[in-house]
Amino acid sequence: MQQVPDSFFEPTYPAMPVVIEPGDILTVRFHYHPELDVIQTVRPDGKVSLTMFQGITAAGLSPEEFQTEVVRLYSQEYVRPVVAVGIEKKTTAQVYVSGQVNAGGVKPLPSNSTVGQILAQSGVKERDADLGSVMIVRKFSDKDFKVYRVDARFENGAERDIYLAPNDIVYVPRNAITLIGDFVQKYLRDVIPPQMNVIWGINTDLTSTPLLK
């Protein structure tokens, strides 16, 4: 049974570590050797090329971790190089919306966007949608996905809006769903976009777990 954590209701959520991703634009600056300074876009394979060193893995690392790796490499050529790595432009975060909406699909996710805001942008089918049983699928690692049922009716202020995280999946069902296992079997395979590279280990954990009401 997955309860919605209190942190989901905080405007600072998601307080996730910043990691470099393909498509990010990086700045690499050398304090004592400005001729080595570069601005590079991370390639689709997650690598970047710098002066003197080609094909360095950057994706999946924090800027600080990548900076440490750059310092290690350039220490082979320079004495105590001082390097600063920054992300000049981040790849746009996204969520995926499906179910009883008029304009589903991949949506940009500005910082601190909420379920209510994304549903408003997506045009909920009021007559068909069960807003009391909206599903949020959240990725915590490549093999760890959790499913939450949230009440997005917000009647009389009884329910608080939830802040979304990058790559969340928001599914608006037609009818109330009583088992997460039913959701996985009937809906989840159809709504997770292929670009998210989902590993279906979720099935073994969620086949018979009741959802919260």
Side-chain angles (χ1 to χ4, degrees), residues 2 4-96 105-114 117-118 136-148 162-170 192-202 205:
Q2 302 296 335
V4 176
D6 289 340
S7 57
F8 280 36
F9 300 102
E10 298 298 328
T12 54
Y13 189 87
M16 295 182 176
V18 174
V19 297
I20 298 168
E21 300 175 276
D24 287 353
I25 299 176
L26 305 181
T27 59
V28 183
R29 305 198 184 279
F30 295 78
H31 184 65
Y32 297 113
H33 303 280
E35 70 277 6
L36 300 176
D37 292 355
V38 294
I39 298 175
Q40 284 283 323
T41 301
V42 182
R43 301 180 334 211
D45 63 359
K47 300 180 184 294
V48 296
S49 293
L50 306 179
T51 305
M52 302 174 63
F53 296 96
Q54 309 298 309
I56 307 169
T57 298
L61 302 178
S62 69
E64 293 79 12
E65 290 169 335
F66 183 60
Q67 178 175 301
T68 299
E69 175 62 10
V70 174
V71 169
R72 184 189 70 79
L73 290 171
Y74 280 87
S75 292
Q76 302 172 35
E77 306 293 335
Y78 297 90
V79 177
R80 296 194 198 88
V82 178
V83 181
V85 171
I87 299 179
E88 184 169 283
K89 185 176 181 181
K90 197 81 180 72
T91 301
T92 303
Q94 297 175 326
V95 293
Y96 188 81
V106 178
K107 303 285 183 183
L109 183 69
S111 178
N112 289 329
S113 293
T114 65
Q117 291 169 339
I118 291 296
I136 307 296
V137 182
R138 181 155 296 176
K139 176 181 178 179
F140 291 90
S141 70
D142 285 343
K143 296 184 180 181
D144 183 14
F145 289 80
K146 290 185 171 60
V147 182
Y148 303 90
I162 287 175
Y163 290 87
L164 292 169
N167 297 326
D168 274 359
I169 297 169
V170 180
I192 292 184
Q195 62 266 34
M196 288 190 182
N197 297 320
V198 172
I199 296 174
W200 295 104
I202 188 172
D205 298 323

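All values below were derived from every heavy atom in this structure, side-chain atoms included, with hydrogens, water molecules and symmetry-related copies excluded.
- To the nearest 0.5 Å, the span separating CD1 on Ile39 from CZ on Arg29 amounts to 5.0 Å.
- Nearest approach of Val70 to Leu50, heavy atoms of both residues: CG2-CD1, 3.9 Å.
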Review point. Does the side chain to side chain contact (heavy atoms under 4.5 Å, CB included) test come out yes or no for Tyr148 and Ile162, once each step is laid out?
Key: CA-CA 11 Å; Tyr148 303 90; Ile162 287 175; over 6 Å; no
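- Scanning both residues, Ser49 and Gln40, for their nearest heavy atoms gives O-CD, 3.2 Å.
- Remark: Thr51 pairs with Leu36, Val38, Tyr74 by the side-chain contact (heavy atoms from CB on, under 4.5 Å) rule, at least two apart or across chains.
- In this view, Thr57 and Lys47 satisfy the side chain to side chain donor-acceptor pair (under 3.5 Å) rule, not counting sequence neighbours.
- For OH of Tyr32, the number of neighbouring non-hydrogen atoms (other residues, nucleotides, ligands) closer than 6.0 Å is 12 at most.
- Side-chain contact check for Val137 versus Tyr96: every heavy-atom pair is 4.5 Å or farther apart.
- In this structure, Ile118 CD1 and Asp168 CG are separated by 9.5 Å, a value rounded to the nearest 0.5 Å.
- Residues Val42 and Ile20 have side chains in contact (heavy-atom distance under 4.5 Å, counting atoms from C-beta outward).
- Under a 3.5 Å cut-off, the side chain of Asp24 and the backbone N or O of Lys90 do not form any donor-acceptor pair.
- Atoms CG and CD, from Asn167 and Gln94 in turn, are 7.5 Å apart once rounded to the nearest 0.5 Å.
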Practice item. Please test Leu164 against Ile136 for side chain to side chain contact (heavy atoms under 4.5 Å, CB included), starting from the C-alpha separation and ending with a verdict. Key: CA-CA 9 Å; Leu164 292 169; Ile136 307 296; 4.2 Å; yes
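- Between Pro22 and Pro44 the shortest heavy-atom distance is CG-O, 3.9 Å.
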Distance-only criterion, 3.5 Å: show the donor-acceptor pairs between side-chain atoms of residues 76-89 and protein atoms not counting sequence neighbours.
none

